[in-house]
Trainee: 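Before anything else, here's the structure in question.
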2 protein chains.
Amino acid sequence: MGAQLSQAYAHLVRQLESIAFLSNDDKMQLSTLQFQTKSIAQRHDVMIHGAKSSSCCIIVKGVMCRYKMVRGGKRQILSFHLPGDVLDLQCLDLDFMDHSIQAMTPCEVAFFSQQALAELMMNSPSLNLALRRHAAVDASIFREWILNVGRRDALPRIAHLFCEVFARTRALGIDDGRRFTFSLTQSEIADATGLSAVHVNRTLQHLRKQQLISSRGSSHTIIDTPGLERAADFDPAYLHLRMPQAA
Amino acid sequence: MGAQLSQAYAHLVRQLESIAFLSNDDKMQLSTLQFQTKSIAQRHDVMIHGAKSSSCCIIVKGVMCRYKMVRGGKRQILSFHLPGDVLDLQCLDLDFMDHSIQAMTPCEVAFFSQQALAELMMNSPSLNLALRRHAAVDASIFREWILNVGRRDALPRIAHLFCEVFARTRALGIDDGRRFTFSLTQSEIADATGLSAVHVNRTLQHLRKQQLISSRGSSHTIIDTPGLERAADFDPAYLHLRMPQAA
DNA sequence: CGTCTAATTGAAGCATCTCAACATGCGTGG
DNA sequence: CCACGCATGTTGAGATGCTTCAATTAGACG
């Protein structure tokens, strides 16, 4: 339990530091936040479309996604979220959820009270800014996804998704610095890119043939990062990371 | 000049009131804001991708759009903005623009200082909330656009765009309550929906044949609102409007 | 009235989708 | 430890939605 709390704290700090400057005082204040951690089974929803958005939580472990359904049962994934991501900074001010949030892997999340967060933001202007930046970056990523889905062909579109996942993970300092591997079902990729699962399958084969990635089941490894970024037309500027994302 | 100032004020109030409650005191405080108005010629950029985002402005008159280019020169429009919209609540906290903003019609915008806005938000918690809601609704609209572009066919996709423009205009109390007409070039519709201009042309013909809309040049009129909403799979919930959008 | 932009049309090609079958891998219960 | 069942990945074939190119028409404006 204590370990989870400190892990939640560490991830949140890393996440915020990837996009904003935090003073030691800021970190101290963050560490006083009261958490309540909870495990979420894979494929379970943490927030449901239409429900009142009350609680505020950050991801401690695992990957989650926002998604929305369309008439006819098709699903569109709207964003991925990694450890340290604050899930509903944007939704807290709204009366109900306009989408759902699901655990793509088994997850740990830390819930904390809206008031505690509000007080924190009142007390520390720099933390306030960091959290606002976090929400602003989320919005920027949404915009890039509109572009990705609207104007890129299947191959660059999937490649772009992979580049983003890699860049954001790297920004958290989670990856081992060498080969980057992540897990994503072909139909999850399909839902995130607005393609059919079959076409994702074929496009992944192209990416493999071009030696940009390799896959084992639903586990994908980026082999040639610069090549993949070229294929994806990827420019990480929209992530608004503080550090140049060194390889 | 005075007229423009009060118009800017009126639009901002209407915009915020469409999504949040404002007290008389809030409105009073808003009315003390110092504006500087400026005319923007059609097709001119107010903000440019990559530039530092410093100023903060609201639209007084006209329609603007956010957009982004992709390798190969294709454009993707990310959102439309109507009078009263605050343009860069989200971008102020970021170091540079990750997209551009353009006047789709001749526009009037009111610039005001970032500090004045910050003070206002400090002084009034309810105005603070209203402006945060405004940004949150923007993000919600981005999410709906990802869904629209990713998972809807051309006809419902264009229909959805039209429904949104109508619903948001109606929420401002701008339309005359009867037939709703707006101006949008076919290639602008193409850029907003991720389609080609030619296909937009053909799809508009379908919409006309189905008696849902009529067009004269780049001017479109919604004839059958419920029918169009049905065709679009449109649910206005994601706009988070306070009022049920009465016809 | 010419000039320019935007809308329209036709034809051909390609990207992507759907359907349907089959293969592979993995976890679980026997 | 094996056998089964389920989820996922793979493949083929045919259909279609959308794009591109290129030519033509229609409007808007000085």
Side-chain angles (χ1 to χ4, degrees), chain A residues 41-44 70-77 102-106 148-161 181-209 213-221 231, chain B residues 41-44 70-77 102-106 148-161 181-209 213-221 231:
Chain A
Q42 187 170 29
R43 296 250 161 153
H44 269 231
V70 79
R71 181 180 56 193
K74 289 188 201 168
R75 183 169 83 137
Q76 176 69 47
I77 292 179
Q102 178 177 95
M104 307 191 73
T105 66
N148 199 35
V149 171
R151 286 300 187 205
R152 277 195 265 260
D153 287 345
L155 190 136
R157 200 186 300 180
I158 294 174
H160 196 278
L161 179 68
T181 299
F182 58 98
S183 201
L184 223 44
T185 270
Q186 291 186 355
S187 75
E188 287 169 340
I189 298 173
D191 287 344
T193 52
L195 297 164
S196 72
V198 171
H199 199 244
V200 167
N201 181 297
R202 296 188 164 119
T203 308
L204 285 176
Q205 295 181 31
H206 287 320
L207 285 169
R208 282 181 223 131
K209 221 165 286 166
I213 66 166
S214 72
S215 311
R216 261 185 51 96
S218 58
S219 193
H220 309 281
T221 303
Chain B
Q42 188 170 29
R43 305 253 154 143
H44 269 230
V70 79
R71 180 179 56 192
K74 289 189 200 165
R75 183 169 84 138
Q76 177 69 48
I77 291 179
Q102 178 176 97
M104 306 191 73
T105 65
N148 199 36
V149 172
R151 286 299 186 206
R152 277 195 266 260
D153 287 344
L155 190 136
R157 199 186 301 181
I158 294 173
H160 195 279
L161 178 68
T181 300
F182 58 98
S183 200
L184 222 45
T185 269
Q186 291 186 356
S187 75
E188 287 169 340
I189 297 173
D191 286 345
T193 51
L195 298 164
S196 72
V198 171
H199 197 58
V200 167
N201 180 297
R202 293 183 168 123
T203 308
L204 285 177
Q205 295 179 31
H206 288 320
L207 285 169
R208 280 180 224 133
K209 222 165 284 166
I213 65 166
S214 72
S215 310
R216 262 185 51 97
S218 58
S219 194
H220 310 281
T221 302

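The sequence lines fix the lettering, A, B, ..., with proteins before strands; numbering per chain opens at 1.
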Trainee: Out of curiosity, B:Q76 CD to A:N148 CG, how far, rounded to the nearest 0.5 Å?
Mentor: 10.0 Å

Trainee: At less than 4.0 Å, is any side-chain N or O atom of B:Q205 found next to OP1 or OP2 of C:dT9? Yes or no.
Mentor: yes

Trainee: Taking CG from A:L204 and P from D:dG9, how many angstroms apart are they, rounded to a whole number?
Mentor: 9 Å

Trainee: Applying side chain to side chain contact (heavy atoms under 4.5 Å, CB included), run through A:H220 and A:L207 and close with a yes or a no.
Mentor: CA-CA 11 Å; A:H220 309 281; A:L207 285 169; over 6 Å; no

Trainee: For nucleotides 14-19 of chain D, list the nitrogen or oxygen atoms of the protein found under 3.5 Å from its nitrogen or oxygen atoms, one pair per line.
Mentor:
unit_1, atom_1, unit_2, atom_2, d
D:dC18, OP1, B:A154, N, 3.2
D:dC18, OP2, B:H199, NE2, 2.9
D:dC18, O5', B:H199, NE2, 3.3
D:dT19, OP1, B:S196, N, 3.1
D:dT19, OP2, B:S196, N, 2.9
D:dT19, OP2, B:S196, OG, 2.9

Trainee: C:dA7 phosphate, OP1 or OP2: any side-chain N/O from B:N201 under 4.0 angstrom?
Mentor: no

Trainee: Within this structure, what is the CZ-OG1 distance for the pair B:R208 and B:T221, rounded to the nearest 0.5 Å?
Mentor: 11.0 Å

Trainee: Going from CG on A:L204 to OG on A:S218, what distance comes out if it is rounded to the nearest 0.5 angstrom?
Mentor: 11.0 Å

Trainee: Whole angstroms only, please: what is the CZ-P distance between A:R216 and C:dA23?
Mentor: 20 Å

Trainee: In whole angstrom, what separates A:Q42's CD from D:dC6's P?
Mentor: 18 Å

Trainee: Under 4.0 Å from OP1 or OP2 of C:dT8: is there any side-chain N or O of B:Q186 that close?
Mentor: yes

Trainee: Rounded to whole Å, how long is the line connecting atom CD1 of B:I213 with atom C1' of C:dA7?
Mentor: 13 Å

Trainee: Would you mind telling me which of B:V200, B:T203, B:T193 makes a side-chain contact (heavy atoms from CB on, under 4.5 Å) with B:R157?
Mentor: B:T193

Trainee: Whole angstrom is fine here: how far is it from CE in B:M104 over to C1' in C:dA6?
Mentor: 14 Å

Trainee: Looking only at the side chain of B:S218 (C-beta and beyond, no hydrogens), which of the listed nucleotides C:dA7, D:dT10, D:dG9 gets closest?
Mentor: C:dA7

Trainee: Figure out the CD1/C1' separation between A:I189 and D:dT10, and round it to whole Å.
Mentor: 14 Å

Trainee: Please answer whether the main-chain N or O of B:Q102 pairs with a side-chain N or O of B:R43 as donor and acceptor at a distance below 3.5 Å.
Mentor: no

